[in-house]
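Down below is the structure, laid out as C-alpha cells.
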Protein chains: 2
Amino acid sequence: MGVDPRFMRTFVTVARLESFSAAARELGYTQSGVSQHVAALEADLGMTLLRRRPVAPTEAGARLLEHASAILLRLDAARAEVVRTASGPPGRAHVGATPLSAGAAARALAAARRTLPAVETIVRVGERDAIAVAVATGELDAGIVDGIAAPGDPLRLPDTGLPVAEFVEEPLAIALPPGHPLVKRRSGLRLEDLVDARWIEAPGVTTSLATLAMHARAEGFRPALRYDGLDVGGLLALVEVGEGLALLPARVVEHGVALASPALVHRTELLAPEGTALRLAD
Amino acid sequence: MGVDPRFMRTFVTVARLESFSAAARELGYTQSGVSQHVAALEADLGMTLLRRRPVAPTEAGARLLEHASAILLRLDAARAEVVRTASGPPGRAHVGATPLSAGAAARALAAARRTLPAVETIVRVGERDAIAVAVATGELDAGIVDGIAAPGDPLRLPDTGLPVAEFVEEPLAIALPPGHPLVKRRSGLRLEDLVDARWIEAPGVTTSLATLAMHARAEGFRPALRYDGLDVGGLLALVEVGEGLALLPARVVEHGVALASPALVHRTELLAPEGTALRLAD
DNA sequence: GATGATTACGGACGCCGTAAGCATA
DNA sequence: TATGCTTACGGCGTCCGTAATCATC
C-alpha cells in the first residue's frame, strides 16, 4: 500500500539502464532485490511496468516514469531544505551559473565578499536545469540561471519548490552576422517573422528552439546547426560567420536587431534558499 | 533511510489538525502509531519537526510541510495516471469546471455527445486548483479551468504533471459600473494605472489580487471587498453598484474598458489525460 | 550454454497495536 | 487530575540476501 520510494528509485534506474542486473550494481542491491522491488511496485499498482528481455517500459511504466523522477527530485529537495535549516552560518559558497549569467554570478560574489567571511568558494558553470536541481538538492548553495520568458514570468524550471530569491529582466536581441541587412534596423523584429530563418540550436547557452517556438506560438524554428558548447563566444562566432541566428540578451549582441518590445525578455534568476547573502542587483 | 510516504502523510495531517490523536482518528491509526510515524521522520532527518503541546511545526517542519503536500499530490497523481492506462473505454464523464469556464464545459460536452455513447455525466463547478487536483488524482476525468496569464503561457497550477490538452485565449477587460467615465474608452488601460482603484477580491471567480499584482509587477491592489461566491453574476452585480472593479474576460463584461493589448490574456485550459474526447474549440 | 530475470526460503528489521509511563494544561 | 504524547514490548508483515530455477539470446 505504501510503496517505498526506494522502489521507484530502482524502477527508474532499471528503466534507464535497461537492465535489472546493471541497476543492482549501481544501487548496491543484488539482482534478486531489484527484481523484487519491481515486482512489489507492479503488485501494488496491479499491472506490469516493464517488459523483460529486452527491458523496456510498458505503457503504464512510461507514465509512471514521467512522475517518478519528479517525485524523487522533490523528495531529495525536501530533505536538503530541511537539513539546511539545521546548518549554522555557511562555511562554503558553492555557486552554479549558466554561461550567460556567469558575469552576474561574478559580480554577485564580489559584492557579497564585503560582508561575507572568507569562505571556500567555487563557481560551476553548467546547464540550466542541472544547476536548478543541484541547488535544490543542496549540492550547490545558490544558482544563477537565465532564459527567456514573458515579462514578469518566472523561468520554467524543474519543480523543486525552490524560491526565486531575485531576478533581473533585460531586452532581447537577435544576433546577426555583421553587415546583415536587418542589423540596427529601426523598428524591432517579431519572432514570428523569423520562423523560417536559419537558427542555431544551442541548448547549453540559450533557450532551445522548441521552447522558443512555444513562446512565439509558431511552428517551424528548425535548427540549421547545433552548438553543444557552454560558452557565448563560440555561439557568437558561429553567428558572425553566417551559420545561423541566435536569440540572446541585447547586452551581449554586437551586431543584431532588437526584439519587438514587450513580448519576451531575457530573465536572470537567483535561486537560493531564503537568507542568501547574494544579490543580483547592480 | 527510505522514509515511507505514509509517514509524511501523517505528518501533514498532524500539522493540519495540530493534534496527534485527531490525526490518528482521521487516518485510522492509534495515537501511538502516529507518534511513532513522526518520531521515525524526525529520526530519519535528525531533527525535531514538531513542537508538542501545543502541536506546532518547527522551522524545519515548516520547510518540510511545503514539500510534503506537493510530493503526496504527485504520488496520488502518478498512481491515478498509471491505473488510467488500464481502464478501457470510459464508462463515465465526470467533468469539473471553474465558474467562468462552465459555459465552455457545457459546449464541449454537447459536442462530445455526438461521438460519445450515453455515459453517466456529471459537471462539478469548483475552485481552480481543487479541480486540477481532482483531475490529476483521477477523481474527475477532465477539467476546464481558467485564469489570467501572459499570452502563450500556461496557467500556474499545482504541479501534477497533467498535460494541458487544449487552451483558448481571450482578451481581458476591466468591469466597471455603467456610466463610469472610463467605460468604452478608446485606448486600452494598463493594469498598473489602476493599482489604487477599489478592487473586488473574488478568488472563487477570478484571479486573486495577489497574482494580479505579480503580473502587473506592481504593489498595491488592496481589496475593497471580498466576494466568496462561485458565480460571475454576483460579482458583476457588485461591480455594477459601484462596490469595486474586477478583471474578467471581455466576453462577460458589458460595461468596461479593454486591457491594453498584449500584456495579459484570459486563458481557458482543458486538463485531461491524453486521448480525451473533449474539445474546447468553438 | 551463458547471461540474466524469477522464485524459494530464511534471517533481520520495521510497522503498528496494546498497555504502561510521563508531561503539561 | 485529565488529556495527550511517548516509551516498552510483542506479533506480524516486509525487505533483502543466498541459492536454486527458469527463460531467452
Side-chain angles (χ1 to χ4, degrees), chain A residues 1-62 64-65 68 71-72 75 78-79, chain B residues 1-62 64-65 68 71-72 75 78-79:
Chain A
M1 215 52 148
V3 190
D4 193 319
R6 281 177 296 177
F7 292 179
M8 285 205 313
R9 198 182 150 75
T10 41
F11 170 63
V12 305
T13 309
V14 169
R16 175 168 48 86
L17 301 175
E18 297 179 339
S19 157
F20 282 59
S21 28
R25 278 192 297 277
E26 179 168 316
L27 298 172
Y29 292 114
T30 61
Q31 180 180 110
S32 160
V34 168
S35 183
Q36 292 173 63
H37 279 201
V38 175
L41 260 185
E42 292 182 326
D44 178 66
L45 295 169
M47 56 189 59
T48 84
L49 298 170
L50 291 170
R51 255 183 286 278
R52 272 76 164 183
R53 300 189 81 122
V55 172
T58 63
E59 173 67 23
L64 181 59
L65 273 178
I71 291 169
L72 292 170
L75 277 169
R79 175 177 297 268
Chain B
M1 216 50 151
V3 192
D4 194 320
R6 282 175 294 175
F7 292 179
M8 285 203 314
R9 197 181 151 74
T10 46
F11 170 64
V12 305
T13 309
V14 168
R16 175 166 50 83
L17 301 176
E18 296 179 342
S19 159
F20 282 58
S21 27
R25 278 192 298 277
E26 178 167 318
L27 298 172
Y29 291 117
T30 62
Q31 182 180 111
S32 160
V34 169
S35 182
Q36 290 173 66
H37 279 201
V38 175
L41 260 185
E42 292 182 326
D44 179 65
L45 295 168
M47 55 190 60
T48 84
L49 298 170
L50 291 170
R51 257 184 285 279
R52 273 76 164 183
R53 301 191 79 130
V55 171
T58 63
E59 173 68 22
L64 181 58
L65 272 178
I71 292 169
L72 293 171
L75 277 168
R79 174 177 298 268

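Excluded from the calculations below are hydrogen atoms, water molecules and symmetry mates; all remaining heavy atoms, backbone and side chain alike, are included. We name chains A, B, ... by the order of the sequence lines, and we start the count at 1 in each one.
- For residues 33-40 of chain A, proximity to DNA chain D is found at Q36(A), H37(A), defined as any non-hydrogen atom under 4.0 angstrom from a strand atom.
- In this structure, L17(B) places its CG atom 11 Å from P of dC5(D), rounding to the nearest Å.
- Residue-level contact check: S21(A) touches the backbone only, with heavy atoms under 4.0 Å from sugar-phosphate atoms and none from bases.
- Using cut-offs of 30° and 60° for the angle between ring planes, the H37(B) and F7(B) rings count as tilted.
- Going from atom OH of Y29(A) over to atom P of dC16(D) covers 5 Å, rounded to whole Å.
- L41(B) places its CG atom 13 Å from the P atom of dT6(D), with the value rounded to the nearest Å.
- One interatomic measurement links the two molecules: CZ of R25(A) to C1' of dT3(C), which rounds to 11 Å at whole-angstrom precision.
- Checking the phosphate oxygens (OP1, OP2) of dC15(C), no side-chain nitrogen or oxygen of R6(B) falls inside 4.0 Å.
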Just the atom pairs and distances: protein N or O near nucleotides 19-24 of chain D's N or O, under 3.5 Å.
{"residue": "dT24(D)", "atom": "O2", "partner": "R53(A)", "partner atom": "NH2", "Å": "3.3"}

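- Between R9(B) and the options I71(B), L75(B), L27(B), a side-chain contact (heavy atoms from CB on, under 4.5 Å) holds for only L27(B).
- A donor-acceptor pair shorter than 3.5 Å cannot be found between the side chains of S35(B) and Q31(B).
- Using a 4.5 Å heavy-atom threshold, the side chains of L64(A) and M47(A) count as separate.
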